[in-house]
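The structure appears right after this line, and notes come after that.
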Number of protein chains: 2
Amino acid sequence: MVNYQPQVGYVLKQAQSLLRLRLEEALKPLELTLSQYSCLHLLRREPGISAAALARGTFVTRQSMNVMLQALLDRGLVERPARAESGRALPAALTAAGVDALDSAQTLVDSVETRMLSGMTESDRDALARGLAACVEALEVTVTHAAGGQGFW
Amino acid sequence: MVNYQPQVGYVLKQAQSLLRLRLEEALKPLELTLSQYSCLHLLRREPGISAAALARGTFVTRQSMNVMLQALLDRGLVERPARAESGRALPAALTAAGVDALDSAQTLVDSVETRMLSGMTESDRDALARGLAACVEALEVTVTHAAGGQGFW
DNA sequence: TTGACCATGTCAGTATCCTGACATACTGTT
DNA sequence: AACAGTATGTCAGGATACTGACATGGTCAA
């Protein structure tokens, strides 16, 4: 075998697929999808964020994010003014019910992630996180804009 | 900050999203989806494989795989008998055109992966691959069945 | 042989996400 | 002030993947 690079791409896809599956399973009792959880999580971290910024932070288009936000609005987990005070961006924020739902979800998500990282040493986890971060950096074209993506997980 | 675990999950999602994006961009000139490439790749590695097995190896359902296979059949990249000689499984295989398309795609995919892993040492790449493999193992419930998923990337 | 069990292929319906397009509001340059 | 450029929200349409269900074919135990 000449190069091992292909293995990394496949294992990356495999790990993310499996993690997504387990997280969806864990969140199912709460009637939350993984994307919705990501949205709520980012909303707690950055209250008043716009839908477009939410979309960038959760790796979906702003169109998809607005559909998702509408569902969360209908369920009373998120609130957003009908009109912006200044500019076009409509600042979204969690409601009290949204905070409660996120708290419940966070426990389940943390449990899955802890399971995923069990059996690894602290330095192993650091190496993994740094390796993945290096991949992201290498795949980014515009480094300037990328700096806006603050880790919120 | 108490625990770093959440960071790993987020960066994992970020890396996979970005890799997927770059691969889709790279494959676009060939009119191939990343899922279609994965399908062709696995078909070369395991000729005569069933659609259900293809689905497991590419992390989609067998229903989705059959739709994808139909498209590849229509384009003449894959061939599959109308009836099985024994059992229900219909063995699929690449056509000559399919091999050509895969060869072209492989070059593009390898280039993206090489870019992703650039700037990392050999031991960094090994650590990354081993860390991801450990995550997969920890998230699997049935280890016996999982052994069927041979890396084919 | 009979029956339960499992894997595969397939059909139907649904959900989610995407691309393309347009109008609106700010920003910076001329 | 006027203009191009950028960012946001939104509407419309299509592509892709999923869940649920059913029939078929093979396997294994009673």
Side-chain angles (χ1 to χ4, degrees), chain A residues 13 16-18 20-25 27-28 31-39 46 48-75 78-92 142 144-145 148-149, chain B residues 13 16-18 20-25 27-28 31-39 46 48-75 78-92 142 144-145 148-149:
Chain A
K13 183 176 179 181
Q16 203 272 343
S17 296
L18 206 48
R20 176 182 183 86
L21 191 65
R22 294 287 173 261
L23 288 175
E24 298 274 12
E25 287 173 359
L27 291 171
K28 200 161 192 177
E31 300 277 347
L32 281 177
T33 60
L34 176 56
S35 296
Q36 289 173 334
Y37 159 77
S38 298
C39 179
E46 305 197 19
I49 194 177
S50 72
L54 268 171
R56 284 191 296 270
T58 55
F59 314 111
V60 296
T61 61
R62 60 185 193 276
Q63 293 89 334
S64 299
M65 178 51 66
N66 271 313
V67 172
M68 196 188 314
L69 268 183
Q70 192 55 53
L72 294 173
L73 283 167
D74 293 343
R75 287 174 61 178
V78 171
E79 55 188 359
R80 196 163 68 147
R83 298 180 57 85
E85 294 186 357
S86 150
R88 289 211 75 192
L90 302 175
T142 57
T144 54
H145 177 260
Chain B
K13 183 177 179 180
Q16 202 273 342
S17 296
L18 207 48
R20 177 183 183 84
L21 191 66
R22 294 288 173 258
L23 289 174
E24 299 273 12
E25 286 172 1
L27 292 172
K28 200 162 191 176
E31 300 276 346
L32 279 178
T33 313
L34 175 56
S35 295
Q36 289 174 335
Y37 158 77
S38 298
C39 179
E46 304 197 19
I49 194 176
S50 71
L54 267 172
R56 284 191 296 269
T58 54
F59 314 110
V60 296
T61 61
R62 62 186 193 276
Q63 293 91 332
S64 299
M65 178 51 67
N66 271 313
V67 172
M68 195 189 316
L69 268 182
Q70 192 56 53
L72 295 174
L73 284 167
D74 293 344
R75 287 174 61 178
V78 171
E79 57 189 357
R80 195 163 68 146
R83 299 179 56 85
E85 295 184 354
S86 151
R88 290 211 73 193
L90 302 175
T142 56
T144 54
H145 178 261

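Numbered from 1 within each chain, the chains take letters A, B, ... in sequence-line order. Small disclaimer: the values here were computed from a predicted structure and weren't measured.
For the pair B:Q70 CD and D:dA15 C1', the computed distance is 16 Å after rounding to whole Å. B:L27 has its CG atom 17 Å from the C1' atom of D:dA15, to the nearest Å. Between the CD1 atom of A:I49 and the C1' atom of D:dG9 there is a distance of 15 Å, rounded to whole Å. Per the geometry, CD belonging to A:E24 stands 12 Å off C1' belonging to D:dA17, to the nearest Å. At whole-Å resolution of the value, CG in A:L54 and P in D:dA7 are 17 Å apart. In this entry the distance linking CZ of B:R83 with C1' of D:dT24 reads 11 Å, nearest Å. Counting to the nearest Å, the P atom of D:dA7 and the CG atom of A:N66 are 17 Å from each other. We find that CG of A:L90 is positioned 19 Å from P of C:dA23, with the value rounded to whole Å.
A:S64 is linked by a side chain to side chain donor-acceptor pair (under 3.5 Å) to A:T61, counting only residues two or more places apart in sequence or in another chain. Residues satisfying the salt bridge (charged side-chain N to carboxylate O under 4.0 Å, His left out) test with B:E79, not counting sequence neighbours, are none. Residues passing the salt bridge (charged side-chain N to carboxylate O under 4.0 Å, His left out) test with A:R20 are A:E24, sequence neighbours excluded. Residues passing the side-chain contact (heavy atoms from CB on, under 4.5 Å) test with B:A89 are B:S50, sequence neighbours excluded. Checked against side chain to side chain donor-acceptor pair (under 3.5 Å), B:Q36 has the following partners two or more places apart in sequence or in another chain: B:T33. Shown here are the side-chain contact (heavy atoms from CB on, under 4.5 Å) partners of A:R80, two or more places apart in sequence or in another chain: A:A51, A:N66, A:L69, A:L73, A:L90, A:A92.
Shown here for B:A55 and B:M65, the closest heavy-atom pair between the two residues is CB-CB, 3.8 Å. Listed here is the closest heavy atom pair of A:L54 and A:T58: O-OG1, 2.8 Å. Closest non-hydrogen pair, B:C39 versus B:M68, comes out as CB-SD, 4.0 Å.
No engagement by B:A53 is indicated, since no non-hydrogen atom pair under 4.0 Å with the nucleic acid exists.
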Atom pairs under 3.5 Å: protein N/O with N/O of nucleotides 26-28 of chain C:
unit_1: C:dC26; atom_1: OP1; unit_2: A:G87; atom_2: N; d: 2.7

Sugar-phosphate atoms are those with a prime plus P, OP1 and OP2; base atoms are the rest. Using that split, label each nucleotide of nucleotides 12-20 of chain C B, S or - for protein heavy atoms under 4.0 Å, 5' to 3'.
-----SBBB
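In this structure, B:E25 does not pair ionically with B:K28, as no charged nitrogen and carboxylate oxygen lie closer than 4.0 Å.
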Give the C-alpha distance, both sets of side-chain angles, the deciding distance and a yes or no for side-chain contact (heavy atoms from CB on, under 4.5 Å) between A:R56 and A:I49.
CA-CA 11 Å; A:R56 284 191 296 270; A:I49 194 177; over 6 Å; no
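The end-to-end axis angle of the helix from C:dT1-D:dA30 to C:dT30-D:dA1, rounded to 10 degrees and based on five pairs per end, is 30°.
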